[in-house]
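Here's the structure we're looking at; comments come further down.
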Amino acid sequence: MKLLIYHTDFVEYEPVEREGRVVEETEMTRKRFEDIVLILTTIEEGDDDTVVDKAVGELKEYLARIGSKRVLIYPYAHLSNKLAAPEKALETLRLFREKCKVEGMEVYTSPFGWTKALLLSVKGHPLAEQFRSITPETAGAGYIPKALVMEERIKSYWYVLTPTGELVPVESFDFSGNDGLKALATYEMAKSRAVSQMPPHVDLMKRLEIADYEPGSDLGNMRWPAKGKLIKSLIEQYVTEKVIEYGGMEIETPIMYDLKHPCLESYLNRFPARQYIVKSDEREFFLRFAACFGQFLMAHDMQISYKQLPVRLYELTRYSFRREKSGELVGLKRLRAFTMPDVHALCADVQQAKEEALRRFDLSIEVLEGIGLAKDDYEMAIRFTRDFYESNKEFVTDLVKRFGKPALVEMWDERFFYFILKWEFNFIDNLRKASALSTDQIDVENAERYGITYVDQSGNKRYPIILHCSPSGAIERVVYALLEKAYKVYKEGGKPMLPVWLSPTQVRLIPISDRFTEDCILLSERLERERIRADVDDRLETVEKKVRDAETEWVPYTIVFGKKEKESNLFSVRERASNSIRQMTFEELVEEVSSKNAGKPYRMLSLPKLLSQRPSFR
RNA sequence: GCCCCGGUAGCUUAGCCCGGUAUAGCGGCGGCCUUGUAAGCCGCAGGCCGCGGGUUCGAAUCCCGCCCGGGGCUCCA
């Protein structure tokens with residue numbers, strides 16, 4: 001049985017002619033109904049009493065939600081290609097009408113067996129259009145992906161787990177001194193992601209020419225002018241280097257996959273209607289929303305011995321795509337196209353998976369630390385089944401102990417997802433909204449789904465456990481976190497800035513007049529040879545103006561260069577972080593900046609060295 | 001989809017209630033100043049007031065429709 005339901009302002013129909021041998025008698029007049037629920041009903045082969053009961057139940061529930069009782073039951077054969085025989089269909093339809101009346105609905109009917117002219121006006125609210133498919137087997141709602149049905153049923157139990165292994169129900173945990181965690185708990189448990197005000201990073205990303213909206217693209221697809229691109233590239237490079245150091249094998253895979261690929265179909269159901277679809281001739285492809293597909297398909301074809309485990313595959317996806325709801329997209333926090341480092345580890349068994357997970361946990365903390373986000377800046381959430389916790393308490397506690405702060409726990413009675421454990425680090429922004437940065441999952445399902453195997457000691461093929469980790473989270477989101485963090489500093493009276501290694505201009509040279517521009521250019525070249533990004537503000541502006549502009553650009557070191565500097569080789573270095581002017585030699589300056597760049601990637605400034613030559617991106 | 005708010009120069013914006021084709025700052029351009037640590041001075045250019053229609057002698061302003069953006073709600077086929 002199929003029900004296509006419309007909540008309407010009005011419906012009009014008029015019988016035109018008899019269509020089949022089984023026909024109900026009716027008046028040949030036009031009928032109009034105001035503010036009524038139209039139910040286009042198709043009776044299919046095998047529909048019985050239980051189906052009707054279920055349909056009535058669903059309908060009743062629906063009517064309660066929209067607060068209506070008036071229904072027009074309208075026989076409509078076009079929702080199925082396996083119609084019941086007409087006699088049987090009419091009988092079932094009549095039963096349906098009767099049961100609806102018994103349930104207290106105000107039932108109107110249109111005649112079975114007629115071609116009818118139909119005019120309707122559907123109300124514009126979210127529940128106004130509904131579809132139900134009810135079969136004897138399920139006697140349940142169709143058309144809803146399994147994962148979503150399960151998600152509805154999932155009951156979460158919330159706790160806080162302390163580094164000493166105490167598991168406290170969230171409502172009895174004392175959050176004093178753990179304000180960030182409190183914000184996370186509130187945010188998570190409400191399950192709401194909508195944003196109510198503009199977060200401060202949005203203005204910053206535009207003003208600093210880091211990122212901006214691209215009106216010519218879809219929502220959540222950003223443009224990155226030169227400074228932003230430099231910052232983004234540096235973070236990408238840094239994360240990649242750290243993952244390779246950890247043992248990741250960097251690979252690259254396609255961004256689009258066949259919608260009909262058997263392995264992908266069920267995984268796809270996890271995110272119904274959230275993909276971009278690309279049509280190419282007759283085929284349809286979806287744009288990947290994670291690196292999993294490419295890596296799993298690659299792993300499927302690999303020959304792996306137990307001796308090689310864990311095998312670690314790494315890709316930085318540029319991009320992954322998710323068609324997030326428009327209301328959720330603000331600035332860089334949540335995007336439809338994002339850059340995601342993703343490292344999978346294939347592990348022999350749960351024991352090896354746990355050991356590997358700990359390494360990746362430490363890696364994630366280290367990566368965030370290197371980027372400039374300390375443990376104070378984020379909170380941990382960890383999710384698992386009760387079962388897993390009971391038999392792996394020591395491991396779970398070890399994770400929280402390594403984190404060193406209490407963590408929010410979401411616990412389920414059953415395993416609904418493909419993972420048995422998942423943790424994330426959540427950044428809390430200035431609006432007290434949380435968003436996940438690093439994450440790792442222990443996946444016990446996908447190896448089988450994708451046919452990924454390794455050969456064990458006795459020559460048998462076995463399915464590995466797969467860990468899914470993003471050590472930093474989306475790169476764009478890392479930038480968001482850095483900007484939000486800077487704003488927090490500013491709000492508390494400090495000077496907002498990016499880490500020196502990420503600052504596009506690290507040293508700004510300000511010649512006191514154009515007589516010194518040449519000296520500044522030479523000095524900037526010396527700095528560049530030391531892998532320090534320097535530029536020269538050669539504009540015919542006052543020193544004050546140029547200093548001010550350097551400050552509003554968040555340049556970490558500024559040198560005003562004039563006669564004194566030329567003669568003494570001692571510089572007055574204006575340092576943003578300490579808001580002071582320090583006398584330094586060239587060597588001391590190089591030493592200072594280099595120490596902040598140590599262990600981090602370097603890229604040249606991809607902007608004209610002379611500020612007079614630099615166009616504005618906005 | 002519905003509700004609320006908005007759309008004026010490259011950017012930020014005044015004017016709108018109460019109709020008379022528009023204000024300022026930044027930025028850009030030109031000139032003066034050759035400058036010592038957060039905005040030097042003078043001048044110039046730049047606007048189909050989101051689009052379409054209506055009312056009116058006359059619309060940025062009032063009315064209707066639409067488009068786009070931000071937010072809320074809701075659905076997450």
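Here is how names work: the chains are called A, B, and so on, in the same order as the sequence lines, proteins then strands, and each is numbered from 1.
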Residues 477-489 of chain A vs salt bridge (charged side-chain N to carboxylate O under 4.0 Å, His left out), sequence neighbours excluded, gives A/D377-A/K485
Between CG of A/D538 and C1' of B/U34 the distance, given in whole Å, is 14 Å
Residues 496-516 of chain A vs ring-ring contact (aromatic ring centres under 6.0 Å, His included), sequence neighbours excluded, gives A/Y238-A/W501
Rounded to whole Å, the CZ-P distance (A/R323 to B/A77) equals 11 Å
Between CG of A/L4 and C1' of B/A77 the distance, given in whole Å, is 12 Å
Per-nucleotide protein contact along nucleotides 35-42 of chain B, 5' to 3', at a 4.0 Å heavy-atom cut-off (B base, S sugar-phosphate only, - neither), is BBBBBB--
Those residues at least two apart in sequence (or on a different chain) that pass salt bridge (Lys or Arg N to Asp or Glu O under 4.0 Å) with A/D537 are A/R539
Next on the checklist: Taking the P atom in each of B/C11 and B/C66, what is the distance between them to the nearest angstrom?
Outcome noted: 27 Å
| query | Aromatic rings A/Y276 and A/F321: how do their planes relate, parallel, tilted or perpendicular, breaks at 30° and 60°? | reply | perpendicular
Note on RNA chain B: ranges paired as stems (three or more Watson-Crick/G-U pairs in a row, both atom distances under 3.5 Å) are B:1-7 with B:67-73, B:10-12 with B:24-26, B:28-32 with B:40-44, B:50-54 with B:62-66
request  = In whole angstrom, give me the gap between the C1' atoms of B/A77 and B/G15.
outcome  = 47 Å
Name the pairs: protein N/O against N/O of nucleotides 4-10 of chain B, kept only if under 3.5 Å.
none

A/R515 meets the side chain to side chain contact (heavy atoms under 4.5 Å, CB included) criterion, sequence neighbours left out, with A/S513
Do the ring planes of A/Y13 and A/Y74 sit parallel (below 30°), tilted (30 to 60°) or perpendicular (above 60°)? perpendicular
Taken to the nearest whole Å, CD/A/E214 to C1'/B/C68 is 14 Å
The side chain to side chain contact (heavy atoms under 4.5 Å, CB included) partners of A/V543 (sequence neighbours excluded) come to A/I512, A/V547, A/V560
*Taking atom P in both B/C5 and B/G43, compute the distance separating them and give it to the nearest angstrom.*
42 Å
Side chain to side chain contact (heavy atoms under 4.5 Å, CB included) filter on A/S606, not counting sequence neighbours, yields A/A226
A/H201 atom NE2 is separated from B/G70 atom P, nearest whole Å, by 13 Å
Check your understanding: Given the C1' atoms of B/C63 and B/G27, what is the spacing between them in whole Å?
Key -> 38 Å
Take atom C1' in B/G47 and the same atom in B/A14, then report the distance between them in whole Å.
14 Å
P-based separation of B/U8 from B/U13 [nearest Å]:
9 Å
Across all chains, not counting sequence neighbours, the ring pair (Phe, Tyr, Trp, His ring centres under 6.0 Å) partners of A/Y490 are A/Y487
Applying side chain to side chain contact (heavy atoms under 4.5 Å, CB included) to A/E565 and not counting sequence neighbours gives A/F561, A/F571, A/S572
Rounded to whole Å, the CZ-P distance (A/F286 to B/A77) equals 16 Å
inquiry  = Between B/A59 and B/G20, how many Å separate the two C1' atoms, rounded to a whole number?
reply    = 10 Å
- For residues A/E445 and A/F419, determine if any side-chain heavy atom of one lies less than 4.5 Å from a side-chain heavy atom of the other. no
- Message: Could you tell me how far B/C76 sits from B/A39 if I compare only their C1' atoms? Round to whole Å.
- Response: 50 Å
Applying salt bridge (Lys or Arg N to Asp or Glu O under 4.0 Å) to A/K227 and not counting sequence neighbours gives A/E553
